[in-house]
Structures are given as structure tokens and as C-alpha cells.
Amino acid sequence: MTVTTAPEAALGVLPRADGSAKYSHAGYTVTASVNGPIEAQRRDEHPYEAHVDVIVRPAAGVGGTRERHLESILQSSLTQIVLVKNFPRSLVQIVLQVEDAPENDYVNTKLVQASLNFAIMPALFQTSVLALLSAGVPMRATATATAVAIVSRDGTKTSVVDPSPRDVEIARSVHVLAFTSHDELLLAESEGDFTVQEWNHVYETAKDVCCRPVPTKEGMEMILDDEHTNGPDLRHFLRSTMENKVASDLHWK
Amino acid sequence: MADRRRINGPPGSTIPPVFEDDAGQPEIMNGKGRDRAPNTIRKMFLKTGVTPSASGSAYLEFEDSGKSGVSGLKLSCTVHGPRSLPRSSPFSPHIVLSAHIKYAPFATKQRRGYLRDPSERDLGTHLETALRGAIIADRWPKSGVDIIISIIEGDQDRETSKSQGDETWDMMNALSGCITVASAALADAGIDCVDTVAGGVAALVQDAGEDSTPRIVVDPIPSDHEKVLGACCIAYLPTRDEVTNLWFKGDLPASDAGLYTQLVENGMQASRNANRVLVECLGEATS
Amino acid sequence: MATATSSTGAPPPSLTFARPVFAKLSPHPYLLRTLSPDSPDQQPTRNNGRSPQQSRPIQINTSSLSQAHGSSLVRTGDTTVICGVRGELLPVTSIPQFRPHNGTLYDQDEDDEQRARKELRDYDLLVPNIELATGCAPQFLPGVPPTTLAQTLSTRVYSLLHGAGVVDGRGLRIWYTPENKKEEGDMDVKEEQEEEQKPEVVAYWVLYIDLLFVSFDGNPFDAAWAAVLAALRDTKLPVARWDPDREMVVCRKGGDKGLDIRGLPVACSAAVFLEKEHAEVGKGEGNRHWVLLDPDRSEEGLCKEVITVVVDCSEEETRVRSIEKQGGTVLGRELIRGFIGVAEGRWREVKEATGI
Amino acid sequence: MTSSQQVLLSPAELSYLHSSLSLTPPIRPDGRSPTQYRPLSAETGILPGTNGSARICFADGTEAIVGVKAEVEKTKRKWDDDAVYTENSHNDDEEQQQDGRGEASNGNGNSDWVELTVEIPGYRDDDPSTVFLAQMLSEALLADGGFIKKLRINRRFHWKLYLDILLISPPLSYPLPLLSLTTHLALLATRLPRLKSEGDEDPFFDDDWAAAPYLYSRNPTTKRIAERPPVTLLVMAVGGNIIFDPSKEELAVADVALAVSIGDATTSQRSQGEDDRMDVDSGNSGGRNLKLLSIRTVDPPSRLTPPGVANAANSAYGHAQVVNTGANQKMPEARQTESEAVEGVWKPPRGGAKAIVMGALVQKVLVRGGVADEVLDALEGVDTS
């Protein structure tokens with residue numbers, strides 16, 4: 001069981017892109033670059049709104065059908081939070097490069113795999129949102145995603161936040177949920193064998209991880225002893241990363 | 001050949017199942033001869049309008065001859081057009097015809113891949129030649145029409161483990177089916193044609209047994225006969241009595257020319273029969 | 001079409017379209033008008049006359065192909081898909097990192113069933129592929145590499161095949177028990193002479209699942225998944241055995257045995273149609289929405305948010321096999337739970353369509 | 001384009017050409033007689049690194065080079081092969097009798113022992129017209145099956161022949177006749193090393209090139225080549241006339257064009273096991289006994305040429321414009337003006353060709369002493385030492 005390390009992120013890592021971010025969490029490190037809004041190709045030009053184009057490059061080898069599926073999921077979700085109406089006939093291009101994935105000798109390390117990789121989706125999601133923020137693309141809301149796996153170990157069913165590939169392999173079901181900053185459910189991908197109650201429980205866990213109310217300064221201690229907060233507080237993390245970046249950019253003030 | 005846009009099978013190559021009995025003694029021709037009269041074609045089922053989202057479509061099925069494992073020919077055709085040409089193409093005073101024929105992976109005994117191989121492109125060229133004669137091209141200047149045919153089941157005999165001769169004879173049957181189904185789909189799409197063109201195949205075959213002299217049969221199934229000496233596939237316009245495409249392959253001595261003209265005549269007879277089915281089907285569609 | 005109003009007093013021709021022209025010119029307002037009829041007694045209907053919760057009737061017939069080991073044809077409304085399953089043999093020698101069956105360190109804690117599921121995934125024994133470039137819709141023409149939709153459909157079918165564990169991997173193994181050879185066994189694992197040789201796996205069946213869309217009118221995943229399932233149920237694989245003297249797997253004619261398929265997961269999809277398409281929805285204003293079950297091609301073009309739920313109600317308690325919701329924020333927790341109920345209704349429809 | 005690149009001829013030129021070609025006797029732009037071939041210079045053995053090569057260039061500068069390479073390849077063991085192998089290994093003499101047993105399938109080999117690729121400058125190799133040419137040439141070669149038998153070394157090995165056909169110059173006229181003649185000569189010049197090993201052991205060859213036998217064996221005494229590779233002739237019909245070896249302009253006005261492949265089975269007895277009925281007149285040992293191997297319809301570019309506009313419908317001549325073209329399809333008399341042929345106005349041919357015309361075309365090629373014999377005699381003149 002990999003210990004749930006806290007996520008780290010750095011913004012503005014790539015000099016040439018409009019915005020870029022590097023995010024690593026639960027063994028996955030992803031770098032994203034955003035070039036927005038730029039001139040679109042004729043075939044994916046839309047008269048009223050910008051076209052969000054997502055390109056996922058895997059850690060090793062060239063992308064297969066799995067990467068196309070990840071791209072279509074990210075594109076449909078990010079189009080909801082970016083204000084696409086403000087930039088008609090233009091293109092917001094997001095390129096995500098997976099730096100490294102948690103290596104694990106139980107799991108088959110075949111290069112081109114076709115089945116959907118659930119564990120990497122939250123990392124890709126967070127990185128693209130951070131990169132969009134760093135690029136200053138106007139957005140309706142920010143969004144955070146998390147992965148939850150229901151693992152049945154000796155009879156009891158426990159839900160594991162940010163599962164390792166080993167957990168994903170022996171899990172009964174794996175879920176990825178994404179919430180916007182208005183606490184709306186943006187994305188729900190689940191697979192495996194579960195009942196509606198289990199899904200409800202997963203929904204609660206994920207909502208707690210993603211949309212924990214931002215603790216005001218004095219309310220800090222009261223949250224800590226809550227018993228089922230077993231995942232990082234992503235929204236808080238997003239806010240603090242941006243705050244540090246803005247602070248470091250404006251240090252000359 | 002890992003095509004990264006598709007899910008490829010295991011890296012090691014897989015082998016089609018080899019059956020026990022044909023490994024030992026050879027395939028004995030147990031009374032497989034042809035039960036149809038020499039000049040009757042197999043029963044055909046033709047239906048138009050199977051793909052509402054295309055401008056014209058048709059589905060054709062040759063019934064299989066009832067022997068175990070022999071599969072009939074099943075073709076589905078869609079026509080998209082007349083439609084505007086891409087910006088880069090030069091001006092053309094007539095409709096630009098492009099035909100694509102593709103075997104489905106599960107269509108033949110030997111599993112075919114997803115990329116078109118030369119024999120399918122060759123069939124496409126034959127089909128274009130056959131249809132270009134029939135279409136009144138200069139009524140649709142600056143426009144194009146795409147004819148796409150998927151062969152859902154090729155009429156190959158699954159039981160014969162060893163293929164008698166190469167599979168060109170199956171190609172000819174497939175081409176004659178493609179011509180008929182494409183002509184029905186064109187009519188369904190409302191593209192002006194001079195006449196309905198239908199395909200017919202006639203072959204010079206030699207049956208098992210020493211004394212049998214080669215005879216000419218219509219709509220041959222290669223596995224019914226010991227050896228196919230030659231075959232021709234004709235695309236024929238019945239009311240104008242004209243041939244738009246003739247494809248002959250085989251080994252005929254040039255000295256007795258009567259054999260060749262007989263073969264062509266039988267091919268035209270086969271396409272007249274096929275045309276009757278075509279006209280009747282189009283008649284139903286409009287009434 | 002705008003006709004200038006002539007000033008000579010002739011009444012300006014009213015701008016009226018036939019219904020299909022209106023639907024083609026501005027589809028969104030047209031669908032909005034039909035969905036929200038002004039008089040309350042009229043039922044909200046869709047362009048194709050269906051009510052929002054009504055799905056298209058499904059017809060499934062199987063074993064229509066003779067060159068494949070199993071085949072099915074599924075027609076839902078105007079979407080028609082043909083699925084052919086063909087089994088081929090994969091000898092163990094040509095599997096790159098093959099882990100022999102007689103157990104290594106990691107396999108202790110898994111039972112055979114889980115091990116079989118891992119084999120399916122590691123050795124690629126199930127190969128689904130979807131062919132859309134058959135001119136089934138104007139936007140899918142041949143000659144171009146598979147579109148993104150074709151690739152995402154293949155990935156979704158592939159991950160659901162493995163995720164739902166429909167095919168039992170143990171049925172694809174071909175065993176062989178080497179008799180007691182006199183000379184010293186050349187196997188690396190030291191084997192005592194007198195103890196009976198353990199059976200070992202010499203080859204696997206690989207199932208090539210090929211889907212061909214004859215006609216495409218929206219909601220391809222439901223039809224594709226129903227076709228895959230029906231074809232797998234219809235698959236009959238010949239009995240295969242290892243022929244030691246010719247070192248190859250030989251099959252016996254007749255005596256074909258079917259695969260055992262576990263459960264009947266059924267996919268059910270819907271799209272969310274929003275009232276305000278272009279205007280940005282302010283924080284406060286409500287934005288009316290309709291959940292359109294089993295959308296066709298024109299409705300899919302108008303809706304961004306789609307949801308697909310795969311349920312299996314074979315046992316008394318409904319097991320959900322997969323949920324995929326993306327492209328919008330309208331469907332929350334309650335709406336998804338309600339939609340799972342709708343999916344159960346769809347499951348019963350498909351169950352008696354497959355006639356099991 | 002299907003048969004040749006875009007035809008840059010105006011309707012007036014096309015109608016002039018069509019009318020001059022349909023006269024009796026036809027007047028061809030370059031003054032040739034209907035059955036006269038363009039002069040060509042041919043030579044063989046130009047590429048030392050190949051088993052056989054040839055180069056032909058026409059008077060108008062189009063040139064083709066063909067190289068033939070042969071490699072020994074292990075016959076792909078059909079699963080049941082060795083069972084057959086052990087049973088009747090006694091009769092492994094060169095001519096197996098076709099007894100319909102497993103042997104038959106192994107005896108006459110299969111068509112992928114010959115790989116033929118055509119390269120036309122300016123066209124991709126998966127371009128439909130290039131694929132059509134390659135299929136036509138390989139089809140003619142494999143039609144009678146006799147050629148494959150020559151490639152068989154023993155039961156375990158066979159020769160794999162790679163024919164690379166390159167058109168050096170851009171295709172001024174339809175390249176088919178040029179490519180097929182060059183292939184014919186290259187195959188005649190092909191020599192395979194002499195087999196020194198016996199029976200079914202691993203083949204072992206004599207490296208003396210002079211002793212290497214020809215693929216098409218020569219009659220030791222008369223030095224005449226018994227069986228010759230096939231030749232494909234392009235023949236077209238305009239009006240009532242049949243014209244051979246058409247140039248680009250002539251093909252542009254053709255009503256129908258056929259590619260007829262003929263083989264020559266002069267003295268060698270028919271392929272084994274054939275009853276004698278096929279040998280009708282084996283009397284004249286000297287004369288050539290032609291075989292019809294394959295016919296394909298070449299789609300004439302005339303269907304893709306722009307139509308001329310008759311004076312009646314031409315508003316420039318002051319005639320009231322009949323009615324705008326959009327509606328004229330519906331109006332019966334407009335449709336009538338569109339279809340009936342006005343003298344001197346070019347109209348792309350519609351529909352196909354009469355069956356008797358096609359029959360006449362094939363007869364003209366195959367008649368004894370006709371064009372086929374003339375071409376084969378000319379080719380025989382080229383010394384393929």
C-alpha cells in the first residue's frame with residue numbers, strides 16, 4: 001500500500017507555452033502545457049465557441065486507443081469549465097505528457113494497453129486545470145478529480161482513495177469522480193461490480209476529497225480531527241498552489 | 001504490424017484452427033457436384049434502403065447452396081452522393097465516381113485485416129469501370145459520389161481445407177454481386193443512370209471423373225467442381241444490350257474461338273437473370 | 001430564403017418551412033419546440049416521435065454468419081451492427097512473457113478464476129475492434145484512419161469486456177498432460193519420474209471480436225455492446241487438443257462447445273438536452289433540461305452531456321457494471337440513481353429480446 | 001485517373017479525332033495502319049545483378065526497365081504436408097502426376113511464389129491504376145499455372161521470383177503494352193542457377209552462370225523457345241474500326257478499350273493430366289498455338305472528357321437560349337437535344353459497348369497470323385542470349 005503522499009505542483013515550468021504546470025501525486029507525474037486561445041484549423045473551427053483540443057502522451061511508447069479515450073473524456077469535461085463562448089472560432093490546446101507512472105511488477109507492463117487506466121485520470125485532470133489557470137484562460141469554475149477503488153480484503157469492503165496499480169488490479173470496482181468548484185458533479189467514470197449503495201458511498205468519499213469547504217484561518221484545527229478525511233484536500237491544495245505562484249510572481253511589489 | 005489506432009491481437013501471431021480429418025487423408029469429393037441446372041443462377045435477396053443515413057443503400061444476399069459449410073454471398077452497399085468535391089480537387093465537368101470494396105474481417109475462411117489489400121483495390125477499379133458506363137456523368141458537374149461496399153460474407157466453402165486453385169473465382173462472384181448491389185444503391189440514391197447494370201459470371205468447369213468434358217456453367221461455386229478452366233464476369237446493360245465491363249481469366253486455346261463467345265453469351269444470360277431481380281426489387285421500393 | 005418584401009403592397013410571403021427543412025436549418029429550437037408543447041395536455045415528444053423516456057425497440061438475431069465461430073446482428077431503430085467472433089489459436093511458445101501455470105510466487109493468493117481474468121488481459125485473448133468506415137453515416141467514409149469515435153468505442157468495449165468479466169478465461173485454455181517420458185524431462189522445473197505429470201496449458205484460444213456498423217443513427221455503444229454479448233453467447237469453439245508428434249494444436253470436427261458467459265450486463269445511454277444552447281447560463285437562472293433516452297444521430301449532435309450505465313439484474317440485487325457520465329454538470333447523484341432505475345427497465349427489454 | 005492522366009484535349013479536337021478514326025480506313029494522327037505498332041528498341045541483360053532484365057523504349061521516348069530476381073524460399077509447410085511427404089516419397093521425379101491427392105495442392109504451388117510490383121513515376125504504388133496494372137500483369141502470368149511449376153525446386157523449397165517493373169519516363173501513353181512487352185523479354189532472359197543437389201535435400205547450386213539454364217527452356221537444336229511468357233495487347237474500338245497500340249490522343253476518343261493477354265503454347269504438350277481434346281490442330285508443328293489467358297476492360301478516358309456544346313444550344317450564336325440548363329433535364333425536347341448526336345459535336349460515350357464489338361476485338365487479336373503472331377515474331381527476333 002503506497003502511502004498517500006501529498007500532491008505537489010509547480011506552475012509555469014515551460015518557458016514557451018502560454019501556461020504550463022507539473023503535478024505529481026500517488027506515483028504519477030504529469031506535465032501539461034496550454035496554448036490558448038490561438039487560431040484554429042479550418043476543420044475544427046466552431047462559429048460560436050472555442051475548440052478545446054486535448055492531447056495525451058503516455059509515459060512510454062506512442063499513444064493507442066486508450067489515449068484517444070482519455071482525450072475525449074478530458075475534452076468534454078474541460079469544455080464545460082472553460083468559457084468557450086468568449087473566443088469563437090479559436091482553439092485552446094492542452095498537451096499532457098505523462099512523466100512517469102508508478103512502476104509495479106505485479107501489473108503487466110505491456111506498452112500499448114487498450115483498457116482505460118483509471119488511476120491516471122485524476123492526475124491528468126488536475127494538471128490540465130492547473131495549466132489552464134497558469135495560462136490565464138478565463139474559466140467558469142475550477143474542477144478537481146479523485147479516484148476511489150473499492151477493495152474487498154478478507155471480506156470487508158474498504159474504499160481506497162488514490163489507489164495504486166496493484167489496488168486497481170485486485171479492486172472490486174474503480175471509480176473516478178470530478179467536481180467543479182460549485183460542487184457540481186462534472187465527471188463520473190466507474191467500472192467493476194458494485195451496487196448503487198456502494199456507488200453512493202464512493203460519491204460521498206470523493207465529494208469530501210474534492211469539495212471539502214476551504215478552511216478559513218481560524219477553522220483550521222476543527223477540520224483536522226474529522227475521522228473519514230483520508231485523502232488530500234484537493235481544492236485547498238489548488239488554491240494554495242495558486243496563492244504561492246501569485247505571491248512569487250508579485251514579489252517585486 | 002501494430003496499428004496503433006486499433007486494438008491489435010497478441011504480439012505473437014495466432015494460427016487459424018486446423019481440423020483433424022483434413023490433416024490426414026485429403027478432402028474426398030463426396031457427391032458435392034452442382035445441383036443447379038447449368039444456366040440457373042442462385043436465388044438472390046435484394047433490398048434497398050437498409051442505411052437511412054446514407055443517400056442510397058442496398059443489401060444483397062446469394063442463398064448458399066445448402067451444403068454444409070458453404071456460405072452464401074452477403075453484401076451491403078451504401079452510396080453517398082451526389083455531393084460537393086473537396087476544395088483541392090480540379091474542376092470536372094462530370095460526376096467523380098469513387099468505389100471502395102472491403103471484405104469484413106469475418107467474411108472469408110482466412111481472416112482478413114482492416115487495411116485494404118491489392119485485390120480489393122483491384123475489385124474497386126473493376127466496379128468503377130462497370131458503373132461509369134451506366135451513370136450519366138455530365139448531369140452532375142463538379143460533384144462526386146462515393147460507393148462503399150462491405151462484403152459481410154464471401155461465398156467460400158469452409159469445409160474444403162485445401163482451396164482448389166487460387167481464390168480468383170470467388171473474387172469474380174463477389175464482383176458480380178458488387179455490381180448488382182451498387183446499381184440498386186445508385187438507383188436508391190436517385191443518381192441518373194442510363195440503365196440498371198447487373199453482374200453475371202459464367203465459367204468453363206471440369207467436373208470430377210475422368211470422362212467429363214469441360215462444360216459452361218453460370219454463377220459457379222468453385223468448390224462444386226474439380227477444376228475451373230476459365231471464367232468471365234460481365235457487367236451488362238439489358239435494355240441497351242451493352243457490356244460495360246468484361247473480366248475474363250483462364251486458359252482457353254485461341255484456336256476454337258466459339259468457346260470464348262459462348263462463355264460471354266452465358267455471362268450475359270446470367271446478368272439478365274440478375275437484372276430481373278434488380279428491376280423487381282426497385283419496382284417494390286418505388287411502389 | 002429571405003425574400004425582400006416588395007413595396008407594391010403585395011402581402012409579404014410568410015416565411016414558412018416544411019418540418020424537415022426547419023429541423024435541418026435550426027435543429028435546436030425545433031427540438032425545443034417539440035419538447036415543450038405550449039398546451040399542457042400534449043405530451044413532450046422528440047423529432048422522431050418518441051417520448052423522452054422511450055427507447056427504440058431492439059432486435060437481436062444470432063448465428064447469421066457461417067465463416068465465424070459466433071455472430072450476431074443487432075438493430076435498434078436505424079442503427080444496425082453486425083458482430084463476428086472468430087477464434088484462433090495462440091501457442092504458448094509465442095507469448096513473450098508467459099508465466100507457466102504451475103504457480104509462481106505471486107499466484108498463491110489468487111484463486112483460479114482471478115488468475116484466468118489476469119491471463120485474458122495480459123495475453124490479449126479478447127480483441128474487440130469496431131469498423132465505422134463503412135459509409136454507415138455521411139461522416140464515416142473509407143480511406144481515412146479510424147476516427148476518434150471508433151477508437152473510443154473500441155476502448156470502451158475492451159475495458160467493459162475485461163471489467164465486467166463476461167468471458168470466463170478458463171474456457172479459453174487448452175490443456176495437455178504430457179505422458180511419462182522415459183528420458184529425463186527437459187523442463188526446467190525438476191520433475192520426479194514416478195509422480196503423474198501435471199497438466200499444463202499449451203495454447204490459448206484468442207477471440208477476435210469484429211464489429212461492423214451497417215447503419216449508424218446515434219447511440220452506437222448500446223448496440224455494439226448488445227451485439228458483442230449476443231455473439232459471445234452464440235460462439236461455439238471446436239474441441240482442441242495437442243498433437244505431440246506434430247507439435248501443434250489440432251481441432252476435432254463436431255462437438256463444438258460454447259463459451260460460458262457470466263451474467264447479462266446491458267448498456268443504456270441517454271443524452272441531456274439543455275434549453276439555453278448558446279447563451280451562457282448565469283449562476284442563478286434555472287436552465288430547463290430533458291434527459292433523452294437512446295438518442296439518435298441528430299439529437300446526439302445537439303447534446304453535450306451523455307451518460308451510459310451498464311447494469312446486470314440477473315441476481316435479485318441490481319449490480320452496476322459501469323457508469324460513464326461526461327460533458328456536463330446537470331446530472332447529479334439523484335438523477336444518476338434515477339437513471340439506474342431506467343436502465344433496469346431497459347435490461348428487461350433486452351433480456352427478452354435475446355430470448356434467454 | 002483511371003487509364004491515363006487528365007486528357008488536355010478540347011471537345012473540338014476530340015470530335016475531329018473521333019471522326020478521323022472512324023473513317024474506313026481509319027486515319028491515325030501518326031499515319032500508322034490500324035494494326036501497326038510504334039517502333040521500339042529493346043535489349044536484355046542490361047542489369048548484371050539480376051537473374052534477368054530487359055529494357056524497351058518507344059520512339060516517343062517512353063521507356064521501361066524490368067528486373068527479375070529469384071530467391072530460394074522454404075515452401076510454407078502446410079500443416080498436413082509432412083504426412084503427405086512420408087507417404088509417397090518414392091516418386092519425386094520432376095513431373096508428378098496430378099492424382100488429386102494432397103500432392104496436387106503442393107504440386108502446382110500457389111500464386112504468392114511470384115511478387116510483381118509496378119512503379120509509375122508520379123503515381124503512388126497503392127494508386128488504383130497502378131494496382132490495376134500490377135494485377136493485370138500478374139494475372140496473365142499465373143493464369144495457366146504452367147509458370148508456377150517452373151519455380152518448383154523440390155518438395156521443400158521453391159524459387160521466389162521478384163519482378164520489379166519500373167516505368168522510367170512519365171506515362172505519355174497508357175503504359176500497359178510497354179510494361180507487358182518488357183516483362184515478356186525479361187522473363188525470357190531469366191536464368192536460374194543449375195540445381196546440383198538431388199531429391200528433397202537442401203538445394204545446392206552450380207555457381208557457373210554460363211551453365212545456368214533459362215527459365216523458359218530453349219530447344220537445344222533449333223534454339224527456339226518452346227513456351228513463351230504471356231503478352232498483353234491493348235486494343236480499342238472507335239466507330240467500326242479496331243485499332244492496336246493506341247497513343248494517348250487515340251485512347252482519349254475510344255468507345256471501348258480491352259487489354260487482352262495471350263500466351264503461347266507452341267510445342268510443349270499441354271499441362272499434365274489435361275485430356276487431348278484441347279489440342280485441336282496439333283498438326284502444324286511450326287505454327288504458333290495461342291492461348292487466351294485474360295481479358296480486362298480498360299476504362300477509356302473518353303468518358304471523362306468535357307462534352308461539346310452544339311450551335312443550337314449555344315447562346316453565342318444568337319439562338320434564344322432554349323431554357324436554363326437547370327430545368328432542361330425535365331423538358332422532353334431539352335433532354336432530346338442533350339442526347340442526340342449533332343454531327344461534329346463531341347459527346348462522351350454513354351453506356352457500354354455492344355457484345356459483338358467486344359467479340360470482334362478479341363477475334364482480331366487471336367486470328368492466326370494476326371497481330372498476336374506478329375508481335376510474338378518481333379519479340380522472338382530480340383536475342384536474349
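Sequence lines set the chain letters: A, B, ... in the order given, protein chains first and strands last, and positions in each chain run from 1.
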_Interchain contact, D:Pro348 with chain B, by part (heavy-atom threshold 4.5 Å)_ = side chain
*Carefully, step by step, assess B:Arg132 and D:Leu304 under the rule side chain to side chain contact (heavy atoms under 4.5 Å, CB included).*
CA-CA 9 Å; B:Arg132 184 162 286 124; D:Leu304 306 175; 3.5 Å; yes
*asked:* With a 4.5 angstrom heavy-atom cut-off, is it the side chain or the backbone of B:Asn245 that approaches chain D, or both, or neither?
replied: both
*Which heavy atom of B:Gly250 sits nearest a heavy atom of D:Ala143, and at what distance?*
O-CB, 3.7 Å
*Looking only at heavy atoms, which two atoms of D:Asp126 and B:Arg121 are closest? And how far apart?*
O-CD, 3.7 Å
*asked:* Using the rule given for side chain to side chain contact (heavy atoms under 4.5 Å, CB included), can you reason through D:Phe132 versus B:His126, listing the C-alpha separation, both sets of side-chain angles and the distance that settles it, and then say yes or no?
replied: CA-CA 9 Å; D:Phe132 190 75; B:His126 277 294; 4.0 Å; yes
*How far does NZ of B:Lys249 sit from CD1 of D:Ile295, to the nearest 0.5 angstrom?*
13.0 Å
_Spatial distance of atom CD (D:Glu139) from atom CZ (B:Phe248) [nearest 0.5 Å]_ = 9.5 Å
*Write down the atom of B:Tyr260, the atom of D:Gln363, and the distance for their closest heavy-atom approach.*
CD2-NE2, 4.3 Å
*asked:* Rounded at 0.5 Å granularity, tell me how far CG in D:Asp127 sits from OG1 in B:Thr125.
replied: 9.0 Å
*Is the side chain of B:Glu242 donor-acceptor paired with the backbone N or O of D:Gly352 at a distance under 3.5 Å, no angle test?*
yes
*Of the non-hydrogen atoms in D:Arg350 and B:Arg240, which two are nearest, and what is the gap between them?*
O-NH2, 3.4 Å
*Taking all atoms of both residues into account, what is the closest heavy-atom pair of D:Ala355 and B:Met268, and its distance?*
CB-CE, 3.5 Å
*Which residues pass the side chain to side chain contact (heavy atoms under 4.5 Å, CB included) test with D:Ser138, sequence neighbours left out?*
D:Leu116
*Name the region of B:Leu246, side chain, backbone, both or neither, that has any atom closer than 4.5 Å to a heavy atom of chain D.*
both
_Pairing residues for B:Ser98 by the side chain to side chain donor-acceptor pair (under 3.5 Å) criterion, not counting sequence neighbours_ = B:Asp146
*Where does D:Ser261 contact chain B at under 4.5 Å (heavy atoms): side chain, backbone, both or neither?*
neither
*Can you say whether D:Val362 sits under 4.5 Å from chain B via the side chain, the backbone, both, or neither, judging by heavy atoms?*
side chain
*Which of the residues D:Leu366, D:Leu290, D:Leu293, D:Val131 is involved in the greatest number of heavy-atom pairs with chain B at under 4.5 angstrom?*
D:Leu293
*asked:* Between D:Pro307, D:Ala353, D:Ala140, D:Ser294, who has the most heavy-atom pairs with chain B when the cutoff is under 4.5 Å?
replied: D:Ala353
*asked:* Please classify the contact between D:Pro128 and chain B as side chain, backbone, both or neither, with a heavy-atom cut-off of under 4.5 Å.
replied: both
_I'd like to know which of D:Val260, D:Ile262, D:Val256, D:Leu292 tops the heavy-atom pair count under 4.5 Å against chain B._
D:Leu292
*Kindly compute the distance separating CZ (D:Arg303) from OG1 (B:Thr244), expressed to the nearest 0.5 Å.*
7.0 Å
*Between B:Asp122 and D:Arg296, is a side chain to side chain contact (heavy atoms under 4.5 Å, CB included) present by the stated rule, with each step listed?*
CA-CA 11 Å; B:Asp122 189 32; D:Arg296 280 188 171 210; 2.7 Å; yes
*At their closest point, which heavy atom of D:Gly351 faces which heavy atom of B:Val194, and how far apart are they?*
N-CG2, 4.4 Å
_B:Leu97 CG to D:Asp299 CG distance, which is reported to the nearest 0.5 Å_ = 9.0 Å
